Amino acid sequence: LYAEFSREIGAVSTGAEVATIKAEYLGKKGRLNEILKSLKDATPEERKTLGPLSNELKQKILSEIDEAAVRIEREEIDRRLASERQDISLLDSLRDRGLGSAGYHPLTAIGREVEDIFISMGFDILDGPHIESDYYNFEALNIPANHPARDMQDTFWFSDMHHLLRTHTSPIQVRGMEKHRPPFKFVGPGEVFRNEAIDASHEAAFRQIEGMMVGEGVSVAHLVHFLKTLLSEIFHKELEVRLRPGYFPFVEPGFELDYKCLLCGGKGCSVCKQVGWVEALGCGMVHPRVLRYGNIDPDLYSGFAFGMGWDRLVMMRYGIDNIRHLRSGDLRFVSQFKAY
Ligand code: FA5
């Protein structure tokens, strides 16, 4: 009986066949049960040896049936893996079908480069919401209600007049101070929104990268060092930059940093408004009142902060002469930036 079973079980290739064999040998009317039934006609002596023998046989058959079921399941998985295999990158097949290829949008590509540079300098990456409260976007940044500086950024307000689309990434400074105790340094990249006239270098939705470092003895020298390192790593060369005094209520002193326009070499074009320099970022030493809003004692700690225009960085890096291309959704534009 076992020899016959072995031959049959060795040849099965489906789960249904295994079930049939199981019924044939181990079912109520199965072949093993027939043997067990016939034991009643055997002598007590014969029963003594045949009983344990048939039990042993039953266990052996059961375990081989289990093994066969596992083997078949595994074969079925292998078969499906082979037949349902998919090329998840799809790059080659898209190219073969003449459908072009995937690539990062230049804003994404530069964003990742900037994040990597800051991570290598020990900065954390923080995030914040697009919809902000008056408190985070203005008040905690030393811009109280009715302060004229509120008019520097044309704000999209919600009808409750307490919420708005953030006009800059600076609210991330306040959120960062709530989470971190000095010393700390972080950057916060993201989309910002302003209700303003659009031209070659101004959008109503654009990106900024906020940066903040707070600790004992942090000075303007640190600020200049980090910004210079960032710019030379992004452009793979020393950029010609100039630092001008700039007014932002949340820093004191405040500066604006411009770089020599790479599109016209400083001669003047539509992006730099014929002045030869592009406004890259605002920065300065964090105002003591802002540190206090973050529960940081300005007598013990100082810090710098900057907010950099991400779109303009991308434009300089790739020689893009109009900011509107970046969000045009025009495939002829984005397909020029390939991942390989
Ligand atoms: C600010 O938004 C400040 N929050 C920056 C700051 C942060 C100062 C921390 C001090 C400390 P400003 O409005 O100048 O500043 O914008 C910063 C940069 O964003 C500009 O230098 C420019 O590169 C970019 N930018 C501003 N407006 C636009 C726009 N409409 N389209 C594209 N880029 C813009």
Side-chain angles (χ1 to χ4, degrees), residues 107 110 114 126 128 132 136-138 140-143 149-156 164-177 185-214 218 220 222-224 226-227 230-231 234 239 241-259 261-262 270-273 275 277-287 289-291 294 302-317 320 322-327:
L107 281 168
I110 294 294
V114 171
L126 299 191
E132 271 294 6
Y136 285 104
N137 198 84
F138 291 127
L141 290 166
N142 197 27
I143 318 177
R150 290 204 176 197
D151 298 334
M152 285 166 71
Q153 302 169 354
D154 296 305
T155 309
F156 288 112
L164 47 89
L165 291 177
R166 68 177 177 195
T167 55
H168 51 179
T169 42
S170 299
I172 299 177
Q173 289 184 32
V174 186
R175 292 181 177 281
M177 285 188 290
K185 45 187 192 282
F186 59 76
V187 289
E191 198 83 7
V192 302
F193 309 88
R194 289 183 198 176
N195 188 8
E196 63 181 329
I198 295 170
D199 60 27
S201 57
H202 290 81
E203 260 288 8
F206 58 101
R207 286 188 197 176
Q208 290 186 337
I209 299 170
E210 195 76 10
M212 189 179 207
M213 174 174 177
V214 174
V218 173
V220 176
H222 292 102
L223 170 64
V224 173
F226 280 114
L227 291 176
L230 171 74
L231 293 174
I234 289 271
L239 281 197
V241 298
R242 67 178 189 188
L243 208 56
R244 302 179 277 120
Y247 173 66
F248 303 97
F250 32 98
V251 287
E252 183 56 40
F255 309 97
E256 290 199 62
L257 185 137
D258 305 331
Y259 32 64
C261 181
L262 293 176
S270 61
V271 169
C272 62
K273 303 248 161 45
V275 291
W277 294 90
V278 179
E279 205 185 282
L281 57 91
C283 60
M285 299 306 292
V286 183
H287 196 291
R289 222 173 275 153
V290 174
L291 288 174
S302 57
F304 69 69
F306 63 85
M308 182 168 49
W310 182 341
D311 302 61
R312 295 187 189 168
L313 203 65
V314 170
M315 292 166 74
M316 292 297 121
R317 163 76 179 265
I320 298 166
N322 198 318
I323 196 168
R324 282 171 277 215
H325 290 308
L326 291 172
R327 288 171 185 75

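All values reported here derive from a predicted model rather than from experimental measurement. Counting starts at 1 for both ligands and their atoms, following the listed order.
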* Counting N and O atoms only, with roles assigned by atom type, does the side chain of D258 sit under 3.5 Å from a partner on the main chain of R242, one being a donor and the other an acceptor? -> no

* To do: Using a 4.5 Å cut-off on heavy atoms from C-beta on, say whether the side chain of M212 contacts that of L126.
  => no

* Asked: Between R175 and Y136, is NZ or CZ placed under 6.0 angstrom from the six-membered ring centre and within 45° of the ring axis?
  -> yes

* Asked: Out of F306, F250, W310, which residue meets the ring-ring contact (aromatic ring centres under 6.0 Å, His included) rule with H168?
  -> F250

* Collect the protein residues that have a non-hydrogen atom under 4.0 Å from ligand 1 and hand them over in chain and number order. => Q153, H168, S170, Q173, R194, E196, S201, H202, E203, F206, Q208, E210, F248, F250, V251, E279, A280, L281, G282, C283, A305, F306, G307, G309, R312, I323

* Asked: Between the side chain of D154 and the main-chain N/O of R194, is any donor-acceptor distance below 3.5 Å?
  -> no

* **Presence of salt bridge, R166 and E210, under 4.0 angstrom** => no

